S.K.: 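Starting off with a structure, shown below.
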Amino acid sequence: MVYDKDTIYIIGDAQASVNNPITQQYNAFFIGLVVDTASHKIVDAGCSSTIPLTSDFVRSIFIGHNMLLLDVVAEEIRRRYHGSSQKALIVAYKDAQKKYKLALNGREELGFQSSGTV
């Protein structure tokens, strides 16, 4: 897939429980998000998972949401994702959101246009 030049890639990470298979395989839980900086919409997503269906399902939760709206996405995760990594998924999203805001500020300092405010 080719992404628009206004998109950036952000990684968020969190610790999952010790008995979680994802922790046993990767030592942590990660989400990757492609975000359009003009609209703040998440255009693609993936996560560390042991089953491809998990990554596909997590992708369906994130795509189309505004990267700056933590509560909306966290509530959707609580409502729809009932895996052992639910809390880690929310924490990883918070981490990604923090990194996204830093990236936006860095882009503005370099002179790139941003349509929204942080």
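Please read these numbers as outputs of a predicted model, since none were measured by experiment.
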S.K.: List the steps, then state whether side-chain contact (heavy atoms from CB on, under 4.5 Å) holds for Leu68 with Lys101.
M.R.: CA-CA 8 Å; Leu68 299 175; Lys101 289 177 181 180; 4.0 Å; yes

S.K.: side-chain contact (heavy atoms from CB on, under 4.5 Å) between Thr7 and Val43: does it pass, once the steps are laid out?
M.R.: CA-CA 8 Å; Thr7 58; Val43 297; 4.1 Å; yes

S.K.: Can Asp13 and Lys99 be said to form a side-chain contact (heavy atoms from CB on, under 4.5 Å), step by step?
M.R.: CA-CA 11 Å; Asp13 59 90; Lys99 291 174 182 173; 3.3 Å; yes

S.K.: Between atom OG of Ser48 and atom CD1 of Ile11, what is the distance when rounded to the nearest 0.5 Å?
M.R.: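 It comes to 9.0 Å.
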
S.K.: Linking I/L/V/M/F/W/Y whenever any side-chain heavy atoms sit under 4.5 Å apart, do Leu104 and Val35 land together?
M.R.: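 Result: yes, single cluster for both.
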
S.K.: Under the salt bridge (Lys or Arg N to Asp or Glu O under 4.0 Å) definition, can you give me all pairs with a residue in residues 34-44, not counting sequence neighbours?
M.R.: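 Listed once each, the pairs are Asp44-Arg59.
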
S.K.: What closest approach, in Å, do Glu76 and Arg80 show between heavy atoms, and which atom pair accounts for it?
M.R.: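 Closest approach of Glu76 to Arg80: OE2-NH1, 2.7 Å.
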
S.K.: Taking all heavy atoms of Cys47 and all of Phe29, pick out the closest pair and write down the distance.
M.R.: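 Scanning both residues, the minimum pair turns out to be CB-CZ, 4.0 Å.
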
S.K.: Under a single-linkage definition using a 4.5 Å side-chain heavy-atom cutoff for Ile, Leu, Val, Met, Phe, Trp and Tyr, are Ile63 and Leu70 assigned to the same hydrophobic cluster?
M.R.: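 Hydrophobic grouping puts Ile63 apart from Leu70.
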
S.K.: ring-ring contact (aromatic ring centres under 6.0 Å, His included) between Phe62 and Tyr93: does it pass, once the steps are laid out?
M.R.: CA-CA 10 Å; Phe62 285 101; Tyr93 180 67; 5.4 Å; yes

S.K.: Apply side-chain contact (heavy atoms from CB on, under 4.5 Å) to Val73 and Gln97, showing your working.
M.R.: CA-CA 11 Å; Val73 176; Gln97 186 184 59; over 6 Å; no

S.K.: Linking I/L/V/M/F/W/Y whenever any side-chain heavy atoms sit under 4.5 Å apart, do Tyr100 and Leu89 land together?
M.R.: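 Same hydrophobic cluster.
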
S.K.: Taking all non-hydrogen atoms of both residues into account, name the closest pair between Ile10 and Ala96 and its distance.
M.R.: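 Shortest heavy-atom contact: CG2-O, 3.3 Å.
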
S.K.: Specify the closest pair of heavy atoms between Leu33 and Ala45, including all atoms of both residues, with the distance to one decimal.
M.R.: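 Between these two residues, the closest heavy atoms are CD2-CB, 3.5 Å.
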
S.K.: Keeping the roles fixed (side chain from Ser55, backbone from Pro52), state whether a donor-acceptor pair exists under 3.5 Å.
M.R.: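 Checked: no pair found.
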
S.K.: Show the nearest heavy-atom pair for residues Thr37 and Asp6, with the distance to one decimal.
M.R.: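 Result for this residue pair: OG1-O, 2.7 Å.
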
S.K.: So for atom CD1, which belongs to Ile51, do other residues, nucleotides or ligands contribute more than 12 heavy atoms lying within a distance under 6.0 Å?
M.R.: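 No, not enclosed.
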
S.K.: What are the two closest heavy atoms between Gly32 and Tyr9, and how far apart are they?
M.R.: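 Minimum heavy-atom contact is CA-OH, 3.7 Å.
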
S.K.: First locate atom CD1 of Ile31, then atom CD1 of Ile42, and finally report the distance between them rounded to the nearest 0.5 Å.
M.R.: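 These two atoms lie 7.5 Å from each other.
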
